[in-house]
Number of protein chains: 2
Amino acid sequence: MQTLSTEDYLKAIYHASQFTSSTVATTSIANKIGAKPSSVTDMFKKLSEQKLVKYEKYQGVSLTNEGVKTALRIVRKHRLWESFLVSHLNFNWDEVHQVAEQLEHIQSEKLTNELERFLDYPTHDPHGDPIPNRALFMKSYNKILLTELPLNKEAVCVGVKDNSSDFLRYLDRRQIGIGTPILVLHREDFDQSLHIQAGNSTLMITQKTAENIYIKP
Amino acid sequence: MQTLSTEDYLKAIYHASQFTSSTVATTSIANKIGAKPSSVTDMFKKLSEQKLVKYEKYQGVSLTNEGVKTALRIVRKHRLWESFLVSHLNFNWDEVHQVAEQLEHIQSEKLTNELERFLDYPTHDPHGDPIPNRALFMKSYNKILLTELPLNKEAVCVGVKDNSSDFLRYLDRRQIGIGTPILVLHREDFDQSLHIQAGNSTLMITQKTAENIYIKP
DNA sequence: AAATATTTTTAGATTAGACTAAATACTATG
DNA sequence: CATAGTATTTAGTCTAATCTAAAAATATTT
């Protein structure tokens with residue numbers, strides 16, 4: 001049986017894999033999990049014995065097929081729960097992560113599948129991230145960062161890269177959310193800040209903000 | 001912070017306390033939890049240090065006020081989740097226990113309170129057990145066992161004592177559930193078996209069955 | 001009330017997951 | 001390409017929760 005901890009590691013490795021084509025480094029997982037590198041090494045060995053990761057000393061890890069499946073099962077639960085919290089329990093999108101971190105470990109296939117049905121088979125969570133279906137398949141938009149959007153081209157916000165409460169609440173204050181139409185009116189060459197139209201209001205956002213917003217043209 | 005395990009012990013002690021006015025014995029908790037008595041002794045000491053139980057060597061334990069509160073918080077979550085599983089996720093009343101055992105450990109006051117609101121402040125779970133409200137107060141019916149019901153007195157099933165899947169599915173087959181009207185037509189002196197009217201059908205039930213059904217006259 | 005049976009506790013060991021400190025292997029620079 | 005710097009692993013501890021086996025206390029029976 002999976003312990004809570006092995007699940008956390010698998011999920012961390014899965015997410016870290018998204019950003020690199022090669023193997024995932026010990027330290028990068030240590031930082032994500034909030035553990036020391038030596039603890040991570042221990043866990044890599046253990047996951048390797050369980051054939052959930054491929055691990056060679058000093059060479060980092062990569063998930064096996066079985067490891068990917070296990071990670072996706074957790075991601076599926078995490079995102080379904082986040083959706084539930086927002087759609088039915090009055091949670092804001094910046095409050096759901098910590099609770100979903102707990103709920104994602106609940107073991108019951110029936111629960112997961114019934115929750116999915118109850119939510120009417122959502123394809124994306126409150127942050128715009130895709131939800132794996134029962135077969136663990138998910139389709140993501142071909143989204144791009146707001147920094148890539150040409151001037152005066154219509155687009156819609158479909159996700160965020162930074163999921164921190166601070167950033168999400170900042171977007172709330174700016175009235176930017178999933179589904180908000182966005183148009184870049186002007187790009188300032190000096191500091192790459194953007195003058196945009198978001199919904200009905202026009203406002204200025206920094207480059208740092210823009211590179212954490214996903215849009216679909 | 002409470003570990004998963006201390007919560008399980010507190011809940012077990014709470015439930016065991018319901019059936020006795022004196023202290024709860026080491027072995028009785030060992031049996032409930034599925035642990036050896038020596039492990040239980042260790043945990044009693046630990047809970048005692050945390051002032052959640054009163055413990056004297058060889059004298060068993062009793063919950064302190066703080067211990068009762070902690071236990072009730074868990075019971076509250078357990079019963080709310082059971083209600084949710086049955087009312088919205090198509091779980092049958094015999095399937096909910098195992099999943100609720102996991103869900104009851106999720107830590108988030110907001111989650112619990114919003115779930116309660118979403119369910120419209122239920123007072124009883126699918127087995128007829130009372131759900132503590134936000135202030136941890138609960139009101140139980142003055143229910144009695146079906147064995148106590150006089151002949152030809154109208155009553156309604158309001159709960160079950162045995163929560164096992166086997167018993168609950170047996171009741172399903174007999175079409176007895178919470179809310180079912182019940183009338184005792186005849187009590188067999190020989191083996192105390194009952195001839196009853198349950199809803200529209202008349203049927204025979206054993207004494208063992210009758211002493212696991214709570215009714216309200 | 002003594003002897004026996006049962007319950008409970010103690011002592012010492014085990015496991016999973018984490019840690020620190022030291023050793024070893026990679027990587028990048030001069 | 002040697003060496004300094006960084007990343008990773010190893011070795012040895014620690015803690016929480018469990019266990020077994022043996023000892024001690026309580027309860028029951030004769």
Side-chain angles (χ1 to χ4, degrees), chain A residues 1-14 16-17 19-63 67 70-71 74 101-102 104-105 107, chain B residues 1-14 16-17 19-63 67 70-71 74 101-102 104-105 107:
Chain A
M1 195 199 69
Q2 232 75 250
T3 67
L4 188 145
S5 195
T6 59
E7 295 194 344
D8 288 335
Y9 275 89
L10 288 172
K11 199 179 58 151
I13 297 168
Y14 173 80
S17 305
F19 295 103
T20 162
S21 52
S22 62
T23 63
V24 174
T26 307
T27 356
S28 78
I29 297 303
N31 293 332
K32 267 195 206 252
I33 295 270
K36 299 295 166 190
S38 54
S39 312
V40 175
T41 299
D42 285 351
M43 188 57 86
F44 281 1
K45 287 183 191 164
K46 196 170 128 189
L47 292 173
S48 177
E49 276 167 28
Q50 298 177 228
K51 303 247 189 274
L52 293 165
V53 303
K54 194 162 157 293
Y55 167 62
E56 306 243 36
K57 267 193 199 178
Y58 295 101
Q59 303 309 129
V61 287
S62 56
L63 293 173
T70 308
I74 301 162
E101 286 283 296
Q102 300 177 62
E104 73 190 5
H105 298 293
Q107 311 250 326
Chain B
M1 197 198 69
Q2 232 75 252
T3 68
L4 189 144
S5 194
T6 58
E7 295 195 345
D8 287 335
Y9 276 89
L10 288 171
K11 199 179 58 152
I13 297 168
Y14 174 80
S17 305
F19 294 102
T20 163
S21 52
S22 64
T23 64
V24 174
T26 307
T27 1
S28 78
I29 297 301
N31 292 333
K32 268 196 203 248
I33 296 271
K36 300 294 166 193
S38 54
S39 312
V40 176
T41 300
D42 285 351
M43 188 56 87
F44 281 0
K45 287 184 193 165
K46 196 170 127 190
L47 292 172
S48 178
E49 277 167 26
Q50 298 176 225
K51 304 243 188 280
L52 293 166
V53 302
K54 194 163 156 293
Y55 167 61
E56 307 242 36
K57 268 192 198 181
Y58 295 100
Q59 303 309 129
V61 287
S62 57
L63 293 173
T70 307
I74 301 162
E101 286 282 297
Q102 300 178 60
E104 73 190 3
H105 297 294
Q107 310 249 322

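Chain identifiers are assigned alphabetically (A, B, ...) following the order of the sequence lines, protein sequences preceding nucleic acid strands; residue numbering begins at 1 within each chain. Quick caveat: nothing in here was measured; it's all calculated off a predicted structure.
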I'd like to check the side chain to side chain donor-acceptor pair (under 3.5 Å) partners of B/T20; sequence neighbours left out, ordered by chain and number. B/S22
Figure out the CG/C1' separation between B/N31 and C/dT6, and round it to whole Å. 14 Å
Rounded to whole Å, the CD-C1' distance (A/E56 to C/dA25) equals 14 Å
Base, sugar-phosphate alone, or nothing: which one does A/S39 contact when heavy atoms must sit under 4.0 Å apart? base
Let me know the distance between CD of B/Q59 and C1' of C/dT9, rounded to the nearest Å. 12 Å
Rounded to the Å, how far apart are B/F44 CZ and C/dT10 P? 13 Å
Could you state the atom-to-atom distance from CD of A/Q50 to P of C/dA16 in whole Å? 10 Å
List in chain and number order the residues that pass side chain to side chain donor-acceptor pair (under 3.5 Å) with A/E101, two or more places apart in sequence or in another chain; answer none if no residue qualifies. A/K11, A/H97
Interatomic distance, A/I29 atom CD1 to A/T41 atom OG1 [nearest 0.5 angstrom]: 11.5 Å
Below the 4.0 Å mark, does D/dA16 have OP1 or OP2 next to a side-chain nitrogen or oxygen of B/S5? no
Which pairs, with at least one residue in residues 28-57 of chain A and sequence neighbours excluded, count as a ring-ring contact (aromatic ring centres under 6.0 Å, His included)? A/F44-A/Y55
Short heteroatom pairs, N/O only, protein and nucleotides 10-12 of chain D, under 3.5 Å:
residue, atom, partner, partner atom, Å
D/dT10, OP1, A/K57, NZ, 2.7
D/dT10, OP2, A/K45, NZ, 2.6

Would you say the side chain of B/L52 lies within less than 4.5 Å of the side chain of B/I13, judging by non-hydrogen atoms? no
B/I29 atom CD1 is separated from D/dT18 atom P, nearest whole Å, by 13 Å
Which residues satisfy the side-chain contact (heavy atoms from CB on, under 4.5 Å) test with B/S38, sequence neighbours excluded? B/K36
